[in-house]
Amino acid sequence: MDLGHQRNGIIRDYEKLSFEYVPDVLIHREFQMQRLQTIFRPILHGIRRTAVLVGNVGTGKTATAKRFCQTMERYGRLSDCNIAHVVINCRQKRSEYTILHAILSYFDPNYPRRGIAQEEYVRSIQKHLSTRKMNMIVVLDEADIILKKGANDLIYTLTRLNEDYTENYSLSLIMISQRHLVGNLDQAALSTFCKSNVVTFERYNALELRDIIKSRVDLAFYPGTVSEECIDMIAEASAELGDARFAIELLESAGLITEEMGLTEMLPECIREAKNMTYSQGSNELRLSNLDLNRKLVLLAICRSMGENSYATSQDAETAYRIASEECNIKPKGSTSFWKYLKDLSAEGWIDQKSLVDPAGAGGRTTCIYVNDFPVKDLKLMIEKELNLIL
Ligand SMILES: Nc1ncnc2c1ncn2[C@@H]1O[C@H](COP(=O)(O)OP(=O)(O)OP(=O)(O)O)[C@@H](O)[C@H]1O
Ligand SMILES: [Mg+2]
């Protein structure tokens, strides 16, 4: 079958909807691009710079950083200055050692991974940079992961890389995080990341998402297959999270559903179905990953104590919380903290609480906890998986 010549559906270019694809222009991120250019302009003169990009899920941090580095490389070529960049995802490379190795792999993909002292890594990187008179930008994406463990050493090492320098190279750093990471750094590391170099990415509003979706539709779909009405619907649906990734995911699912149904144009119904699918898979996991360990354990405890019932009592949930903590080898927090976690989970919309007269008749009150909107069994499994309590 020759798929090349036959138009089978409404999607013209699937690649343009993939996570790896970085658009040429990041709409509504002109301010952040401009800020980055102002911060990093000195590297054209061999001066190292640092910046931290902070913002919620899907606000364009990674895409902007990648596009920005490519722009800097182009400027470099125009001014006869060797600029290069490497993006390292700290979810995949979690230690100082593997991060240094990833930088070295840019120069030498076969560089041995084992049996080399860290010092040797540093010297090799310096040598490569110096030989090439290179100004390198290292992007540490999802840096929260290493910063939670304390990444001061890594920051010293990367800063130190510039120190013995012979004035013909530099190593700059961009750290990307979903949270303000300054609190995780000690004073010396903080001074490296002076406050003025924090670039903030706000959540997108519905109008901004609309523009982002529209331009992705033009890139990825055949003309006339996705109406303005559909674009509006997707923008509205993703505006609550302000998340462009969610919007593009929704656009892609709705596109695939349209094709599956054999339609030649996307219908609102396809978006509704895509929304159901995306909500049940993606966004719960995402929201869950934003909870800290204790709150996850409390949520798990609630799900476990509910069993087949429509609610859990606070007493049962607290007992289940202690058991779950022990399963994870952590010391459970006391009652005051437990109640605080319940309050936070309520505030975030995971649960509802109702206070009732104690059914045991002792005159006290008991609190019934309800899980909102989520299938309890699925939620329980999802948390257990995340905490490695089951395979
Ligand atoms: N302004 C924009 N214009 C066009 N596409 C965008 C824009 N912002 C984000 N996107 C797209 O949305 C998706 C998510 O963006 P990105 O990966 O940069 O988010 P992020 O802030 O790094 O999120 P996370 O914190 O989850 O890593 C990507 O596919 C990206 O191409
Ligand atoms: Mg990212």
Side-chain angles (χ1 to χ4, degrees), residues 11 13-37 51-71 85-94 137-148 173-181 198-221 226 231 234-235 237-256 274 278 281-291 386:
I11 303 176
D13 187 348
Y14 290 90
E15 205 268 325
K16 298 277 177 358
L17 295 167
S18 78
F19 291 147
E20 290 78 43
Y21 174 71
V22 181
D24 290 341
V25 179
L26 287 144
I27 314 156
H28 299 297
R29 286 302 177 229
E30 296 81 7
F31 173 77
Q32 285 77 0
M33 274 289 194
Q34 192 55 52
R35 276 272 290 146
L36 284 169
Q37 282 177 23
V52 183
L53 315 191
V54 185
N56 278 306
V57 172
T59 50
K61 302 179 295 298
T62 304
T64 304
K66 285 183 176 166
R67 183 51 69 212
F68 166 71
C69 288
Q70 285 162 1
T71 307
H85 80 281
V86 47
V87 181
I88 299 168
N89 188 302
C90 302
R91 194 178 288 280
Q92 287 149 10
K93 317 264 183 229
R94 289 173 180 240
I137 308 173
V138 174
V139 180
L140 294 181
D141 200 0
E142 306 199 45
D144 345 46
I145 297 179
I146 51 163
L147 285 162
K148 269 191 210 145
L173 204 53
I174 295 182
M175 296 235 255
I176 303 182
S177 166
Q178 284 181 1
R179 283 168 213 89
H180 279 276
L181 20 98
V198 174
V199 184
T200 314
F201 289 66
E202 303 296 342
R203 289 177 205 260
Y204 292 113
N205 63 33
L207 287 176
E208 292 169 334
L209 287 165
R210 192 185 188 292
D211 294 338
I212 293 172
I213 300 159
K214 173 110 180 61
S215 81
R216 207 53 78 94
V217 165
D218 292 344
L219 285 168
F221 287 77
V226 184
I231 295 175
I234 298 175
S238 37
E240 191 193 340
L241 296 167
D243 174 348
R245 182 180 300 113
F246 182 82
I248 293 167
E249 229 173 78
L250 206 53
L251 173 67
E252 184 187 26
S253 312
L256 293 172
T278 317
Q281 291 162 11
S283 70
N284 280 353
E285 272 172 49
L286 213 77
R287 288 182 58 204
L288 195 63
S289 64
N290 282 333
L291 289 178
E386 217 190 283

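Start at 1 and go down the list; that is how both ligands and their atoms are numbered. Note that this is a predicted model, so its numbers are computed, not measured.
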Looking at V217, L256, L251, which one forms a side-chain contact (heavy atoms from CB on, under 4.5 Å) with L17? L251
R203 (side chain) donor-acceptor with L241 (main chain) under 3.5 angstrom: yes
Using a 3.5 Å distance criterion without hydrogens, assess whether the side chain of R245 forms a donor-acceptor pair with backbone atoms of F19. no
For [atom], grab the closest protein heavy atom and report residue, atom and distance to one decimal in Å.
atom                    : value
atom 11 (C) of ligand 1 : I248 CD1, 3.5 Å
atom 6 (C) of ligand 1  : L26 CD2, 3.9 Å
atom 22 (O) of ligand 1 : T62 OG1, 2.7 Å
atom 24 (P) of ligand 1 : R245 NH2, 3.5 Å
atom 1 (N) of ligand 1  : I27 O, 2.6 Å
atom 19 (O) of ligand 1 : G60 N, 3.3 Å

[X] neighbourhood, listing ligand 1 atoms whose heavy-atom distance to it stays under 4.0 Å:
X    : answer
Y21  : 31 (O)
V57  : 23 (O), 25 (O), 26 (O)
Y204 : 1 (N), 2 (C), 7 (C), 8 (N), 9 (C)
Q178 : 24 (P), 25 (O), 26 (O)

Within-shell test, [X] vs ligand 1, heavy atom, strictly < 4.0 Å:
X    : result
F201 : no
R216 : yes
I212 : yes

Heavy atoms only: which of [options] is nearest to [atom]?
atom                    : options        : result
atom 23 (O) of ligand 1 : G58, G55, S177 : G58
atom 25 (O) of ligand 1 : H28, E142, K61 : K61
atom 12 (O) of ligand 1 : P23, A63, A244 : A244

Side chains of R35 and Q32: any donor to acceptor distance under 3.5 Å? no
Do R29 and Y204 come close enough that some side-chain heavy atom pair is under 4.5 Å? yes
Kindly give the heavy-atom pair with the smallest separation between F201 and G60, and that separation in Å. CE2-O, 3.7 Å
